[in-house]
Amino acid sequence: SNIDRIEVVEGGMSSLYGSSAIGGVINIITKKQNKPFHILYSYLHDDPMINVHSLNMGLDYKSFYYGINIVNQNTDGYDLTPNSDTNYALKTLEEFNTFSMNQTFGYDNSKNLSFQFNYKKYLNNIYLYQSQTLQILDQDDPNYPFYDYTSYRDWIPKFEDNNYSFVLNYFKDNSLFNILFNSEEYKKSNYFYNYTEVPCNQIDCSNDENVTSAEFVNALNKNKSLLMQYNFEHNENLFTAGFELNDDSYSSYNIYHYGYTDSDGNFNEGDYDNNGECDPFINDCIVESIFDSKDDTKYYKKKSYFIGNQWDLLNNKIGASFRYVDSKNFDDNYVYSLSYMIQNYQPYDIRINYSRGFRTPAIKELYYSWYGHNPAIVGNPNLLPTTNDYFSASIQKFEQNRDFSIEMFYNDVQDMIGGIYIDVNQDGTDEYQYSNYNNITFYGINTHLNIKEENNSFKFVYNYTNPKSKNDNALQLISLHSFRFNWLRNVIKNKLDVSFNIKYAGEKFIILGSEKLFLDDYILSDLIAVVNVNQNLEFKLGCKNIFDYKDDRRFLENGNDFLSTYDPGRRFIVELKINLNK
């Protein structure tokens, strides 16, 4: 509800944007209002996927501005693979409720100085249920001898994210100096509805007064980052240089049972022997720390220096950039990129790019050790950073009513991080361990075409991706072909637009244990009407997944949780927007 536009830059961008940008960068740009006062309310009904209420308000006085964006999302969930045989039925999409609030305060004198403070809070509650049977002893009770009911399930995950950031921009002549500081704390908790484990076959656990609930923090991820950057533009040349600092930590904690009775018949609460570890003989843990069942914190720190320049050469453009990474956890690294854009054949632009990229392992990929999960998920402290060499060549044409692009790319990835199943005891007991795949190459074509003719607008996007590797685990969930088509027609000028969308994804596979499961290709279609009543009121009506496609694999007895798409099928959607400006 607060997004103005989304920009996507494909290709290796690690030299300017840092670790993980080995395939591209997605830039989400939020809205900026210049009205003295604005308020926007919207409601989206897309049941059973999601229902969304959002409220965006802002004030703008002289050079100061304040904005707040509040969003509530909820759903009852849905299940494509119902199974009535279990007391702990899991849905394809569980019931959840999220709340987010983003506040912004800033100053912009439109001359040479601007700064902005941001605070965002995010909460996510997931609701899980279980079936219970209460024994009725009273023969006169109409529910005698048993009463079936539903209560909340223990071990319900909850999430909370708090984020603070500060941005300072100073302009002078053709120069820009930018500072960005960000601090984030992401907390995962587990909620136990019946923590004391009251016997629900003797007491009605659906009554909150009959149970004792408790909530414990299981994981805490803290991240602090600092970016300082200087840009200078002169005679079509753009120079940039900067410094980036990242300081991350990940903590994981055991959660202990309410209590146990020792050999002397005495009741003791919590951690057996108070040793901060899970004792397998007493089984005193409900949830284990992912760090080998011990309360622990892992740290990751790195700093980077980067420089880049873009200049004109014979009416064409050359770009080059370089980044040096000093990592406390890994050896030092450096990445670079070089691009050349030929503009001699207007309206066509021809681009040739090469980039060297990298991605460092995440803390969990290095140190994860969670044997309470089936299969056990194990980190690998010997993981190497992923590096890649990305080559691409493209032709683009931009005209007022027609534009297209076609890009050919080749991406050679070394030490890609993924997971493999290991039979550790030669008894069929698997562990899922993070590992490096030696070498994977991707090559393919990305193309798009936009056409605007009077009241019609057409957009077509096609992607061909062909991966090659000696290890099939590295090739999971990649479709060879995919495309999107959109037709937007203006039926009544400034009043009614109709949009028709088609999405296609080709066949792919997933490896489950020693078995390779193939997932079918599929097509989804949507038809949406956008009605502008006036400048203050707009609403959308439409049908998603018109042909009601759902993967037939959901009927299988085994492997039915792995589907080509988890779309719930045909549904009708309504969205209402009320916009008030002053």
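In what follows, residues are counted from 1 in the order of the sequence shown. Keep in mind that what you see is a predicted model, and the values were worked out from it rather than measured.
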Considering non-hydrogen atoms only, spot the tightest contact between [X] and [Y] and give its length.
X	Y	value
H448	S405	ND1-OG, 2.7 Å
S165	N182	CB-OD1, 3.5 Å
S54	V71	CB-CG2, 3.9 Å

Donor-acceptor contact below 3.5 Å, side chain N246 vs main chain K302: no
ring-ring contact (aromatic ring centres under 6.0 Å, His included) against F166, all qualifying residues, sequence neighbours excluded: F117
Candidate list F216, Y256, W155, test ring pair (Phe, Tyr, Trp, His ring centres under 6.0 Å), partner Y195, passing option: F216
Residue of the set Y65, Y66, F64 for which ring pair (Phe, Tyr, Trp, His ring centres under 6.0 Å) holds with Y107: F64
Is any side-chain heavy atom of [Y] closer than 4.5 Å to one of [X]?
X	Y	answer
N254	D271	no
N72	T98	no
I290	E288	no
I417	D415	no
I39	L55	yes
L338	Y340	no
E365	L383	yes
F99	I70	yes

[X] side chain to [Y] side chain, donor-acceptor N/O pair below 3.5 angstrom:
X	Y	answer
S15	S321	yes
T386	N388	no
N486	S499	yes
Y119	N162	yes
N69	N102	no
T240	Q229	yes
T360	Y300	yes
N112	N109	yes
N579	H38	no
N446	E407	yes
S293	E277	no

How would you list, by chain and number, every residue that makes a salt bridge (charged side-chain N to carboxylate O under 4.0 Å, His left out) with [X], sequence neighbours excluded?
X	value
K577	none
K544	D46
K121	E160
R153	none

Salt-bridge criterion met for R356 and D389 (N-O under 4.0 Å): yes
Could you tell me which residues satisfy side-chain contact (heavy atoms from CB on, under 4.5 Å) with [X], sequence neighbours excluded, listed by chain and number?
X	value
L220	E185, K187, K222, S251, Y253
N169	S114, V167, F171, L176, N178
N534	N536, L537

[atom1] ([X]) with more than 12 external heavy atoms under 6.0 Å:
X	atom1	result
M101	CE	yes
K317	NZ	yes
E399	CD	yes
N27	CG	yes
I29	CD1	yes

Drop me the distance from [X]'s [atom1] to [Y]'s [atom2], to the nearest 0.5 angstrom.
X	Y	atom1	atom2	answer
D4	T30	CG	OG1	8.0 Å
I255	S189	CD1	OG	8.0 Å
L40	E538	CG	CD	9.5 Å

Cation-pi check, K298 onto Y367 ring (under 6.0 Å, within 45° of axis): yes
Test: K158 cationic atom under 6.0 Å from Y191 six-membered ring centre, within 45° of axis: yes
The single option from N125, I50, L128, D76 passing side chain to side chain contact (heavy atoms under 4.5 Å, CB included) against F96: I50
Can you name the residues that form a side-chain hydrogen bond (donor to acceptor under 3.5 Å, both in side chains) with [X], not counting sequence neighbours?
X	answer
K503	none
Y43	H45
E575	none
N532	none

Q414/D412 under side-chain hydrogen bond (donor to acceptor under 3.5 Å, both in side chains): CA gap, chis, key distance, verdict: CA-CA 7 Å; Q414 300 89 38; D412 185 10; 3.3 Å; yes
Parallel, tilted or perpendicular, as decided by the 30° and 60° cut-offs, for the rings of F322 and Y336: parallel
Within the 6.0 Å centroid threshold, strictly below: Y334 and Y324: no
is_close_aromatic(Y170, F177), centroid dist under 6.0 Å: no
Salt bridge (Lys or Arg N to Asp or Glu O under 4.0 Å) assessment of E184 paired with K120: CA-CA 9 Å; E184 182 177 19; K120 182 176 182 180; over 6 Å; no
Worked check of side-chain hydrogen bond (donor to acceptor under 3.5 Å, both in side chains) between Y410 and S392: CA-CA 6 Å; Y410 175 85; S392 68; over 6 Å; no
